[in-house]
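Notes to accompany the following structure.
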Number of protein chains: 2
Amino acid sequence: MNSSTEEDYLKAIYKLTPQFPDGVLTSAIAEVLETKASSVTDMLKKLSEKGYINYVKYQGVTLQPIGEEVAIKVIRKHRLWEVFLAEKLDFTWDEIHEIAEQLEHIVSVNLIDRLDKYLGFPKFDPHGDPIPDKNGKFQKIKDVALRDLNVGDVAILVGVREHSKEFLQYLENIKLLLGSKIEVLNKFAFDESVLVKINGKSEIMLSSLLCKNISVTHEKPKK
Amino acid sequence: MNSSTEEDYLKAIYKLTPQFPDGVLTSAIAEVLETKASSVTDMLKKLSEKGYINYVKYQGVTLQPIGEEVAIKVIRKHRLWEVFLAEKLDFTWDEIHEIAEQLEHIVSVNLIDRLDKYLGFPKFDPHGDPIPDKNGKFQKIKDVALRDLNVGDVAILVGVREHSKEFLQYLENIKLLLGSKIEVLNKFAFDESVLVKINGKSEIMLSSLLCKNISVTHEKPKK
DNA sequence: TCAAGTATTTAGACTAGTCTAAACATTTCT
DNA sequence: AGAAATGTTTAGACTAGTCTAAATACTTGA
């Protein structure tokens, strides 16, 4: 059994792995967990002794299969609870994350599979991120940043790459939600802002930073 | 903000208060929390300093209004989650308690009120215990132990006074559930066992211990 | 290649919660 | 009332996790 702190570390390492393929750095973990590097070092030693990770002093850390399994399970729980909060309890995009941060650590053999069934085995969470199934498998969606579309392209919003309250609240405000249709009307090179039409209705100018953090695809993801 | 350990202590004190009206004893708290008396003493000092309880060395402890409020909130959360687990996820009577023990500590201003609404503002949990509303008010049901009925009495099962897995599993097995109709056919003085008919169908002999822990009433509780 | 700068680890201290063993109160029994 | 039994508290130690400050390793760049 792992403590919820251990789970948080494993999840953080898992999420950072794509950016640090040959070893996640201590400082990167410290930053996402909002803690100090020295605390991270302590925990890495512990997780290494327990066999969850491969840790070489000063060289960063990679997950062992068993550690990845734990991380994926936590992510599965997190995302299923997010679906529950959004669909059943009508929480908005920006509210669900921090509640799910707590719910993801609830321990029960059956609970999460029953919840999965109750929700109809959803494949994506409310932010468009894929939900691992019972066996830890999930579909990787081939998405692209809104920034990389060309004028005239039409796409569907399938995910966000940033989960801050401010960002998500802004998207809710302008009604730019999962599944929204986005047409690129114009792109302005000088500040990299993009003029789009949302769901064939409202036109709005999106900043460079915004466009970098919005994932879109030409195909609608299958539910 | 209170830690979940503090919440557990306040809840335990609250539940023990009826048995110890002028001061819950350290040893009683230690027993229900499955911990040592010395640990309890430490925590009582802390809760006392924080103003949640009234603690006099060697004299036991009573709740301050603010402590009672915290306890009732935790109980509200516990019981609402139990309703969710039983009604939405089809968990059985004996499984829901330990999952709810974890869920009761989830912190969110809105979560529990939304859950309450989603469940249709239930007044009783799956064990027949009343659920405090938003303001901490709840109906006290006037129940009586099955043991105290007379031959010929007919009653409805409205609650249980024991929450062990073994006890609850037994009741599930013999289909003696919340709302079951119970007719007292005979009482045997030598071992205080009772012969009953359940829902007008099966006849069964119930032991003294069982009858002590089953709460019944002549009126059906209003949902 | 070696000095300077940056990142990481170690050392030692702190908090929350727990425990055992010893000291101290309270209750009970004669 | 006083001794014995029981219950409670204190003292000191332990674990998990965190922190600051100092020491150490790695990286960069002249």
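Only a predicted model underlies this, so the values are computations on that prediction, with no experimental measurement involved. The analysis underlying the following values was restricted to heavy atoms, covering all of them including side chains, and did not include hydrogens, waters or symmetry mates. In what follows, chains carry the letters A, B, and so on, assigned in the order in which the sequence lines appear, proteins first and then strands, with residues in each chain numbered from 1.
- For B:Thr41, counting side-chain heavy atoms from C-beta on, the closest listed nucleotide (D:dT10, C:dC19, D:dT18) is D:dT10.
- Here C:dA16 presents its P atom at 11 Å from CD of B:Glu49, a figure rounded to the nearest Å.
- Close to D:dA16, at under 4.0 Å from its OP1 or OP2, lies no side-chain N or O of A:Tyr9.
- Summarising the geometry, the separation between CD on B:Glu31 and C1' on D:dG7 is reported as 14 Å, rounded to the nearest angstrom.
- Distance, B:Lys36 NZ to D:dG7 C1': 14 Å, rounded to whole Å.
- Residue B:Asp42 contributes atom CG, which lies 13 Å from atom P of C:dT20 at whole-angstrom precision.
- Between the side chain of B:Ser38 and the base of C:dT20, at least one donor-acceptor pair of N or O atoms lies under 3.5 Å.
- Checked options A:Leu80, A:Leu103, A:Asp125; the residue passing with A:Leu85 is A:Leu103 (criterion: side-chain contact (heavy atoms from CB on, under 4.5 Å)).
- Following rounding to the nearest Å, B:Leu47 (CG) and C:dA16 (P) show an atom-to-atom distance of 12 Å.
- The separation between A:Tyr55 atom OH and C:dT10 atom P is 6 Å, rounded to whole Å.
- When only modelled atom types and interatomic distance are considered, B:Ser208 and B:Arg147 share no side-chain donor-acceptor pair under 3.5 Å.
- Distances shown here put every side-chain N or O of A:Thr5 at or beyond 4.0 Å from the OP1 or OP2 atom of D:dA16.
- Atom CG of residue B:Leu168 and atom CG of residue B:Asn173 lie 11.5 Å apart, to the nearest 0.5 angstrom.
- For B:Tyr58, taking side-chain heavy atoms from C-beta onward, the closest of the listed nucleotides D:dC19, D:dG7, D:dC26 is D:dG7.
- Heavy-atom distances to DNA chain D give each of A:Ser39 and B:Lys45 a nearest nucleotide, and the one nearer the 5′ end belongs to B:Lys45.
- Comparing D:dT8, D:dT10, D:dC19 by their closest approach to the side chain of B:Lys57 singles out D:dT10.
- Remark: A:Lys88 qualifies as a cation-pi partner of A:Tyr118 under the 6.0 Å distance and 45° angle criteria applied to the six-membered ring.
- For A:Glu6 and D:dT18, the CD to P distance is 11 Å, given to the nearest whole Å.
- Within 6.0 Å of the CD atom in B:Glu192, the count of heavy atoms belonging to other residues, nucleotides or ligands does not exceed 12.
- Straight-line distance from the CG atom of B:Leu44 to the P atom of C:dT18: 11 Å, rounded to whole Å.
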